[in-house]
There are 2 protein chains.
Amino acid sequence: MRPLFHPALEDIRPEAILYALSDPERVAIFAKLATAGCGGTCSALADLGDRIIPKSSLSNHFKVLRESGLIRSERQGVEMRNQTRCAELDARFPGLIRSILVAYGQLPAQLETMSGEEKSRDRR
Amino acid sequence: MRPLFHPALEDIRPEAILYALSDPERVAIFAKLATAGCGGTCSALADLGDRIIPKSSLSNHFKVLRESGLIRSERQGVEMRNQTRCAELDARFPGLIRSILVAYGQLPAQLETMSGEEKSRDRR
DNA sequence: TCCATAGTTCAGAAATTCGGAACTGTTGAT
DNA sequence: ATCAACAGTTCCGAATTTCTGAACTATGGA
């Protein structure tokens, strides 16, 4: 098994991000990953409610997310721990991830403080 | 020639937007369209500098942009006038288009007042 | 009418995506 | 040590999508 490839922050390209998140299944996976308390393993995310993603497809989804720079994957024993790279990404592409998740109606509470919106207090 | 299809604002789906803008050629077209002073015809946008997009491909790019809800196209005499639906889109998906164009380094001056960033004055 | 121009549609080749089956790597039990 | 179970990856063929040259349609002008 070849080692997993993760692009450096500066090599992440917007087209790869948009492509990866143009698939609602991948968005669902990514949004769940952004939720704390989710173990982040692949198989924990296979169930979409209306459909169970086949494992080869799931593996490919994770590969697309990883190689686009959206997540980091690390083997831990028999399973894979995945985590988003939201903080890094927000520094490179301010507001992008947040506005995409909002568009999909998938913004997790954990990301509410990401850039892209002024605080609701202090508004007039 | 069948009439051109434009989705209603409420039927526009984020995956279609992201998919359409996951292609740098389409982004270049869209960004140029968002620029005032550009006539908005298809052939005016075929030249990317490093490559001239074949017209069948160009026609397809416009179709993808149109059917995703990013632009409106209207026949005017022998040619097609295209315009972005930025204002509408920003109401439905706040900050999305702006942050995508920023990510690509393609934000036209005309869009600088779109939502997605507080004004630079009043910052501390 | 005939021609030129702008763009669309068609069709086949090339590339991509999907997913079942086989495989790899790790842990734990015997 | 061997074996079984499990998590995930790779392989590969089928189905789908993308690309683009060639043919076609629509409009306006001479």
Side-chain angles (χ1 to χ4, degrees), chain A residues 1-6 13 15-30 32-33 38-48 50-68 70-84, chain B residues 1-6 13 15-30 32-33 38-48 50-68 70-84:
Chain A
M1 204 173 306
R2 70 175 79 97
L4 303 176
F5 171 73
H6 294 88
R13 293 167 40 202
E15 55 268 42
I17 299 285
L18 294 222
Y19 174 74
L21 296 181
S22 68
D23 179 326
E25 288 193 349
R26 279 193 292 263
V27 174
I29 292 169
F30 182 76
K32 275 199 213 167
L33 263 185
C38 156
T41 65
C42 296
S43 51
L45 298 165
D47 188 347
L48 257 43
D50 56 341
R51 157 182 141 92
I52 293 183
I53 305 174
K55 48 193 228 167
S56 59
S57 303
L58 195 62
S59 180
N60 187 57
H61 282 330
F62 276 93
K63 184 181 179 194
V64 171
L65 290 169
R66 191 189 318 120
E67 299 192 347
S68 71
L70 282 160
I71 65 171
R72 269 186 209 291
S73 311
E74 186 184 1
R75 176 149 225 162
Q76 206 139 56
V78 77
E79 60 197 10
M80 210 73 159
R81 308 319 286 273
N82 297 283
Q83 52 184 307
T84 71
Chain B
M1 203 172 305
R2 69 174 80 97
L4 303 177
F5 171 73
H6 295 88
R13 291 158 33 131
E15 55 268 43
I17 300 284
L18 295 222
Y19 174 74
L21 296 181
S22 69
D23 180 327
E25 287 192 350
R26 279 192 292 262
V27 173
I29 291 169
F30 182 77
K32 275 199 214 166
L33 263 186
C38 158
T41 65
C42 296
S43 53
L45 298 165
D47 189 346
L48 258 43
D50 55 342
R51 155 182 144 94
I52 293 184
I53 305 174
K55 47 190 224 164
S56 57
S57 304
L58 195 60
S59 179
N60 187 57
H61 282 330
F62 276 94
K63 184 181 178 195
V64 171
L65 290 169
R66 190 188 319 117
E67 299 192 347
S68 71
L70 282 160
I71 65 171
R72 269 185 209 289
S73 310
E74 186 183 1
R75 176 148 226 159
Q76 206 139 56
V78 78
E79 62 197 8
M80 210 74 160
R81 309 319 286 274
N82 297 284
Q83 53 183 305
T84 71

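The sequence lines fix the lettering, A, B, ..., with proteins before strands; numbering per chain opens at 1. Heavy-atom basis, side chains included; hydrogens, waters and symmetry copies ignored.
- The distance from atom CE of A:Met80 to atom C1' of C:dT24 is 13 Å, rounded to the nearest whole Å.
- Note: CG (A:Asn82) to C1' (D:dT9) measures 13 Å, nearest angstrom.
- Closest to the side chain of A:Glu79, out of C:dT5, C:dT9, D:dA7, is D:dA7.
- By the side-chain contact (heavy atoms from CB on, under 4.5 Å) test, A:Arg13 pairs with A:Glu15, sequence neighbours left out.
- By the side-chain contact (heavy atoms from CB on, under 4.5 Å) test, B:Ser59 pairs with no residue at all, sequence neighbours left out.
- Note: CD1 (A:Ile52) to C1' (C:dG20) measures 16 Å, nearest angstrom.
- Atom CD1 in A:Ile29 sits about 12 Å away from atom P in D:dG8, given to the nearest Å.
- When side chains are defined from C-beta on, B:Arg81 counts as touching B:Thr41, because their heavy atoms get closer than 4.5 Å.
- The CZ-C1' distance, from A:Phe62 to D:dA7, rounds to 12 Å in whole Å.
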Hey, what are the protein-to-nucleotides 19-22 of chain D N/O distances that come in under 3.5 Å?
{"residue": "D:dT20", "atom": "OP2", "partner": "B:Ser57", "partner atom": "OG", "Å": "3.0"}
{"residue": "D:dG21", "atom": "N7", "partner": "B:Ser56", "partner atom": "OG", "Å": "3.0"}
{"residue": "D:dG21", "atom": "O6", "partner": "B:Ser56", "partner atom": "OG", "Å": "3.1"}

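- As rounded to whole Å, 8 Å separates atom P of D:dT10 from atom CG of A:Leu4.
- For B:Glu25, the side-chain contact (heavy atoms from CB on, under 4.5 Å) test picks out B:Asp23, B:Leu48, B:Arg51, B:Ile53, B:His61, with sequence neighbours left out.
- Take A:Glu79 and apply the salt bridge (Lys or Arg N to Asp or Glu O under 4.0 Å) test, not counting sequence neighbours, and it matches no residue.
- Judged as a side-chain contact (heavy atoms from CB on, under 4.5 Å), and not counting sequence neighbours, the contacts of A:Ser73 are A:Leu4, A:His6, A:Arg66, A:Ile71, A:Met80, A:Asn82.
- Atom pair B:Arg75:CZ and C:dG7:C1' shows a separation of 7 Å (rounding to whole Å applied).
- Of the side-chain N and O atoms in B:Arg66, one or more sit less than 4.0 angstrom from OP1 or OP2 of C:dT8.
- The interatomic distance linking A:Lys63 (NZ) with D:dT10 (P) rounds to 7 Å, in whole Å.
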